[in-house]
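Throughout, a chain's letter reflects where its sequence line sits, starting with A, and its residues are numbered from 1. In this text the structure is predicted, and so the values were computed from the model without any measurement.
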Amino acid sequence: MKDSTVAIGTALPRADGPGKVCGTEKYAADYYPEGMLWAGVKTSDYAHALVKEIDVSAALIIPGVHAVLIHKDVKGSNRVGVPESDAPVLADYKVCHKGDPVALIIAESREMVSRAAAAINVEYQALPAVFDPEQALLPDAPVLHENRADKNLLLSGAINKGKGALALEECTFSVESEFNLPAQEHAYLETETGVACLNDDGVLELVASTQTPFRDRMELAHALGLPATKIKISAPYLGGGFGGKDGITVQGLLGLAALNSSGRPVKMWNSREESFKSSSKRHPARMHYRLGCKQDGSLHALSCRIVLDTGAYASLGGPVLALAMEHAAGVYRIENTYIEGFCVYTNNPISGAFRGFGAPQVLAAVEQMIDMLADKIGMDPLEFRLKNAVNRGDELGSGVLMSRSTGIVACLQTMQKHPLWINRRQWEKDAPPFKRRAVGMAAGMQGTGYGPVVADVANAKLELLVDGRFRIYSGVADMGQGNNATNVQIAGEILGQSAAAFELLQPDTERSLPSGSSSASRTTYSFGNALQGACRLLKERILTRVCQMGMGIYQEDLLLVPGRVHHIPSGKDIPLTVIATAMTDSERVSVNSYTAPVARHHEIVNPAVRAAGFPHLVFCFACHLARIEINELTGEVTICDYLACTDGGRVLNPQLYEQQIQGGIVQGIGYALWEDFKVSAGEILSSNLSTYIIPGSLDVPDIISLPVETVEDSGPFGMKGIGEIGINLPYPAIANAVARATGRRIKTGPLSAERVWQALQAEEEQ
Amino acid sequence: MKKVLFPLNVEEMWSMWQDNPEAGLLAGGTDLLVKLRSQRIRLKTIICLEKVKELQQINTDGAQIFIGAMTNHQQLLENQVVKSRLGCLHQAAAVLGSPPIRHMGTIGGNICTASPAGDTLPPLYVLQANLELVSPTGSRIVPIEEFIYGPGKTALAPMEVLKQVIIDLPVPGIQTHYHKVGQRKALAISVCSLACYMQLAPDGSVGEARLAWGSVGPTVMRFPEVEALLYGRKISLDILRQCGELASQKVTPISDVRAGAEYRRRLTANLLIRLLPD
C-alpha cells in the first residue's frame with residue numbers, strides 16, 4: 001500500500017477497504033473448515049406452549065445426520081442474555097415465541113439438517129399467548145416467565161421533574177398525540193453465522209459474527225457449563241451488525257454443536273428467514289405524549305408514556321427503555337416533565353439493541369410534538385427549537401445535565417443558514433401537478449457509552465514488531481463502521497507513522513484484551529482513548545530505549561518518523577527495526593486501560609432504570625432536514641434532498657464520518673417510509689426481504705452531511721461517537737414534512753404510500 | 001442434488017423432456033428458483049432452456065415482431081424495435097426487478113408464471129400479443145388473454161412450450177404507456193400497474209383504446225366498457241376520472257402483506273391520470 005498521510009482530520013482511506021473490495025477479507029461466513037458439519041435448528045411451532053416431549057428418533061436415522069441435541073444435552077445453565085439471562089440455548093420446558101429453538105441438528109449438509117428438522121416430532125401443550133404489550137401488563141394476562149415477581153413487566157420507571165404533568169395546566173398552548181412504531185429488522189448483509197471446533201486441548205474455538213466476543217465467552221461458559229478458559233472466540237470483520245449481534249445469536253448453538261460433533265468443526269449460518277425469525281428487532285413502541293408551552297413559546301411541560309414490546313426474552317430491553325426515557329423529552333429545556341416507561345414481555349419475536357437504542361422511537365414522537373406545538377402557536381419550527389434547545393450547563397427535559405460539549409444550537413443555526421432551509425417555501429410552491437412538496441426538520445441527540453453503572457472499559461494493546469511495524473490488537477469488533485481504520489489514524493498520528501506501518505488484529509479473546517462491545521456510539525471513543533495511552537506509552541519506551549542506545553538523555557531531541565527515530569541535533573536516524581531488535585518481547589508491547597467517565601449523581605429516576613444505563617454523560621447532537629415530494633395519485637413519498645448537521649465533536653476522518661452519517665440516515669429513511677416488520681399472532685408475515693422492504697439506491701437522495709464541530713475534551717482528539725445519531729432523525733423529519741404536505745398526522749409507522757394516500761383521502765373527505 | 005439438463009435445440013429439448021417427464025422447465029429461474037428454495041415445489045430434474053437456439057431470437061418482418069420466449073428482460077429493454085414501436089413493453093422491462101433479475105428473467109418465463117403482477121403482462125395484453133405454443137406434434141397460436149386464466153394458470157398442455165410472442169407492430173399514431181406502483185422505486189413487485197394503447201387522431205381524439213391493469217385481480221384485467229368511454233373523446237382529467245371510477249368498480253383486488261384492496265382499487269383509477277399529456 002502506498003504511504004498516505006494519516007493526520008487526524010484527513011480522509012485516510014479505510015484500512016479495511018482493499019481487502020473487502022477484493023473479496024480477500026474473511027468474514028465469519030467465509031469460514032469452511034475442512035471436515036466440517038452443518039448445524040441448524042428446529043424452531044417452535046407455537047408462540048407459547050409447554051414442551052411435553054421431543055422425539056428425535058426419526059431424524060437420527062436419516063443418513064448423514066450426525067446428532068440431534070435437545071435441552072438435556074446442555075450441561076450448563078442453558079440460558080443466555082445480558083443483563084437478564086433468560087433466553088434458552090435450546091427450549092426446555094416451554095417455548096415463548098415462534099423462533100424458539102427446540103432441537104439442534106448436526107449433519108453433513110444443510111439439506112440434511114432441514115430434512116432432520118422436519119422429521120423431529122415435538123409434542124406441545126398450547127398455552128394462552130399474549131401479543132399486545134398493554135394486555136400483557138393486565139393482571140390476568142398469560143405469564144411468559146413464571147419466576148418473575150413482576151410477571152411480564154421487564155422494567156418500568158418514571159421521571160417526575162418539577163411539577164410533572166400537573167404543569168400542563170399552566171401552559172398557554174398544548175398538544176396531545178399518540179404514536180405507534182413497528183419493529184425494525186437489522187437486515188445486515190451477513191446473517192448470524194460462525195464456525196466452532198473443540199480442539200485437541202479441549203478448548204472450544206469459535207469464529208463468530210459478533211459485536212461482543214469477550215462477553216460472549218463469559219456467557220457461553222455459563223450457558224454450556226465450561227470454564228471460560230476453555231473457550232476462545234475471535235470476531236472477524238462483521239458483514240453488518242447494527243446492534244443485532246450485540247450478544248449471543250448462534251454462538252450458544254454452535255458451541256453446543258461443537259461439543260457434540262466428535263471433534264469435527266461445525267458451521268452454522270442462518271438463512272434470511274431464520275434470521276428474521278430468531279434475531280432481535282428494534283422495539284415496537286407505543287407512545288402517548290402531551291406537550292405544552294407558555295405564551296412566549298418557551299416549553300413548560302411534557303408528559304409521556306412509553307410502552308416497548310421486548311418480545312419473548314429480555315435481550316437489551318431494559319437498557320433500551322432507560323435510553324428511550326432519557327431521550328424522550330428531546331434536546332430541550334423543559335422545567336416540568338413526567339416520563340413513564342414500560343418494557344414488556346410478549347410472545348412476539350424478540351426486540352433488543354438496534355442502532356439508536358430507543359432514541360429513534362421517542363425522537364420520532366417528541367419531534368412531531370414539537371412541530372405540532374410550533375404550528376399551534378404560529379412559530380417557525382426551527383426558531384421554536386432554537387428558543388428551547390439546551391446549551392452546555394442546561395438540563396434536558398428528562399433531567400439530564402449537559403455538562404460536556406453541547407452543539408445542538410450550532411447545528412440548528414447551521415441549518416437555518418442553509419439554502420435548503422432558506423428557500424423551502426419557494427421550493428414547496430414550485431411543486432409540479434399532482435405532486436405536493438414539503439420541507440420537514442427534526443432535532444435530537446444520542447447519549448454515548450453505557451451509563452453510570454456498567455463500567456465502560458477499553459483495553460488497548462499495541463506491539464512494535466521486529467520488522468519495525470506496529471500491530472494494533474483491537475479489542476472491539478468492527479461491524480463495518482470503520483473503527484479499526486480509525487485506530488490506524490489515531491496510532492499513526494501519535495507515533496508519526498504511515499498507514500502501511502500498521503497491522504490490525506481483529507478481536508480475539510486469546511490475543512487482544514477485553515474492551516467492551518461494539519455498540520452505544522462508544523467504540524472509537526473508548527477504545528481510541530485506550531489506544532492513545534498505549535501509543536504514548538510505547539512511544540515513550542521507544543524513545544527511552546533510543547536514549548539508552550547512546551543518543552543522549554533528552555527525548556525532546558528525538559523525533560519518531562515513518563520507520564525510524566530521528567535525532568535532531570546530530571541529524572542521525574535509527575531504524576525502528578534496530579530499536580525493536582534491541583527491545584525484549586514484553587518491552588515491545590504496551591497495554592493501556594481506559595474507563596469512560598460517567599454522570600455520577602442522579603436521583604431523578606428509580607434505581608432500576610439508573611442501573612439500566614440512565615443517564616449518559618457525553619451526547620452527540622444533530623438536526624436533519626428532508627425535502628419531500630408526495631405523489632397525490634399514489635401516496636408515494638420521494639425524498640428529494642436531505643441535509644444533516646451533526647455535532648460529533650472533532651472529525652477524525654471526514655470520509656468515515658460521512659459514511660456513518662449517511663448509513664444511519666438511509667436506515668432511518670427505511671424506518672420512516674418502508675420497513676414494516678409485520679407480525680400477526682406471533683407469526684411473521686414479512687418473512688424475508690421480498691416483503692420486508694428496505695430502501696434501494698434509487699430510493700435515497702444525495703445526502704448532505706455538514707459536521708458542526710465541537711471539541712469533546714474527554715474524547716480522543718476531541719471526537720464523540722456518531723455511529724447511531726444518523727438514524728434518529730429521518731423519521732420525524734420526514735413525518736413533519738408529510739404532515740405539512742397532507743395536513744394530517746399519520747400516527748402509525750412506517751409512513752407507507754398507502755398510509756399517506758389514506759391521509760390524503762381523509763383530507764379530501766373533510 | 002438436482003439434475004440440470006441443457007438442451008441446445010428444440011429437438012433435444014423434447015427428447016430430454018420425454019426421458020424426464022417429471023422435469024421442470026427453467027426459463028430464467030427468477031420465479032422457479034424462489035419456489036424451489038422455499039420448497040413450494042420439488043423437482044429432481046430441471047431442463048434449462050437458456051441454450052435452446054429456437055427460443056432466443058427477436059425477429060421482425062416490418063409488420064410483426066417475433067420475440068423468442070427465452071429473450072431476457074435486458075435484451076427486451078435494449079431492443080431498438082421494442083424501444084421505438086412498443087413503448088409500453090420497453091417501459092415495463094425498464095422497471096422490472098433489478099439489473100440482475102432483468103439479465104436472468106425472460107419474457108416467456110414471465111408469461112408462463114402467469115402472475116397478475118408480472119410486469120410484461122399488461123403491455124402484452126394491450127398489444128394483443130399472440131403466443132406460439134409448440135409441442136412435439138405441432139404448434140398453435142393462442143392470444144395472451146386466452147392463455148392465462150388465473151394466477152399461475154395457463155393453457156399450456158402437457159409437453160407444450162411457449163416458443164415465441166408475436167405482436168403486430170402498432171402503426172404510427174399509436175401511443176403506448178406503462179405505469180407501475182411498487183413498494184419502492186426498483187426491485188419491487190407491482191402493487192398496481194397499468195398499460196395503455198391509444199390511437200390518437202390528429203385532432204387529439206381517441207380512436208381505439210386498450211387498457212390493462214396488473215395486480216388488481218386474478219389475472220391482468222381489461223374492461224371493454226371502460227375502453228369504450230374513451231372512444232372519440234379527447235384525453236382530459238374529467239374523462240380519465242370517469243374511466244377510473246368505472247374501472248375501480250370492476251377490479252377485484254386482494255389485501256395482502258404488500259397493500260390493501262381499497263388502496264389498489266384507488267390506484268386502479270389514479271394511474272389513469274398519468275395518461276394526461278404533460
Exercise. Report the C-alpha separation of A:Ser752 and B:Arg258 in whole Å, then their side-chain angles, then the decisive distance to 0.1 Å, and conclude whether the side chain to side chain contact (heavy atoms under 4.5 Å, CB included) test is met.
Key: CA-CA 10 Å; A:Ser752 64; B:Arg258 292 193 172 88; over 6 Å; no
Self-check item: A:Asp702, CG atom: more than 12 neighbouring heavy atoms under 6.0 Å
Solution: no
Quiz item: If you draw a 6.0 Å radius around NZ in A:Lys20, do more than 12 non-hydrogen atoms from other residues or ligands fall strictly inside?
Solution: yes
Quiz item: Using a cut-off of under 4.5 Å for heavy-atom pairs, which of B:Ile273, B:Leu187, B:Leu267 has the most such pairs with chain A?
Solution: B:Ile273
Quiz item: Quick check: are there more than 12 heavy atoms from other residues, nucleotides or ligands sitting under 6.0 Å from CD1 of B:Ile41?
Solution: yes
Quiz item: Which atom names give the shortest non-hydrogen contact between A:Glu754 and B:Ala259, and what distance separates them?
Solution: OE1-CA, 3.4 Å
Self-check item: CZ/A:Arg115: more than 12 non-hydrogen atoms of other groups inside 6.0 Å
Solution: no
Quiz item: chain B: which of A:Asn631, A:Thr634, A:Leu698 shares the most heavy-atom pairs with it under 4.5 Å?
Solution: A:Thr634
Quiz item: Would you say the side chain of B:Leu237 lies within less than 4.5 Å of the side chain of A:Phe434, judging by non-hydrogen atoms?
Solution: yes
Self-check item: Any side-chain heavy-atom pair of B:Val191 and A:Glu636 under 4.5 Å
Solution: no
Quiz item: Can you tell which of A:Ala753, A:Ser109, A:Gly696 has the highest number of heavy-atom pairs within less than 4.5 Å of chain B?
Solution: A:Ala753
Self-check item: Which atoms of A:Ser690 approach chain B - backbone, side chain, both or neither, heavy atom under 4.5 Å
Solution: both
Quiz item: Around atom CD of B:Glu225, are there more than 12 heavy atoms of other residues, nucleotides or ligands at under 6.0 Å?
Solution: yes
Quiz item: Just wondering, are more than 12 heavy atoms of other shown residues or ligands nearer than 6.0 Å to NZ in A:Lys678?
Solution: yes
Quiz prompt | Heavy-atom pairs under 4.5 Å with chain A, option from B:Arg274, B:Gln39, B:Glu262, B:Arg264 with the top count | solution = B:Arg274
Quiz item: With the threshold set at 4.0 Å, does a side-chain nitrogen-carboxylate oxygen contact exist between A:Glu273 and B:Arg37?
Solution: yes
Exercise. Taking the side chain as every heavy atom from C-beta outward, state whether B:Arg184 and A:Ile694 have any pair of such atoms under 4.5 Å apart.
Key: yes
Quiz prompt | Nearest-0.5 Å distance, CD of residue B:Gln183 to CG of residue A:Leu673 | solution = 12.0 Å
Quiz item: Is A:Asp699 reaching over with its side chain to a backbone N or O of B:Lys185, donor-acceptor style, under 3.5 angstrom?
Solution: yes
Quiz prompt | Side-chain (B:Tyr263) to main-chain (A:Gln758) donor-acceptor, under 3.5 angstrom | solution = no
Quiz item: Of the non-hydrogen atoms in B:Asn270 and A:Leu633, which two are nearest, and what is the gap between them?
Solution: ND2-O, 2.8 Å
Self-check item: Contact winner vs chain B - A:Asn688, A:Ile693, A:Leu685, A:Thr638, heavy-atom pairs under 4.5 Å
Solution: A:Ile693
Quiz item: Of the backbone (N, CA, C, O) and the side chain (C-beta and beyond), which part of B:Leu272 lies under 4.5 Å from a heavy atom of chain A, both, or neither?
Solution: neither
Quiz item: What heavy-atom pair brings A:Thr691 and B:Val257 nearest, and what distance separates the two atoms?
Solution: CG2-CG1, 3.4 Å
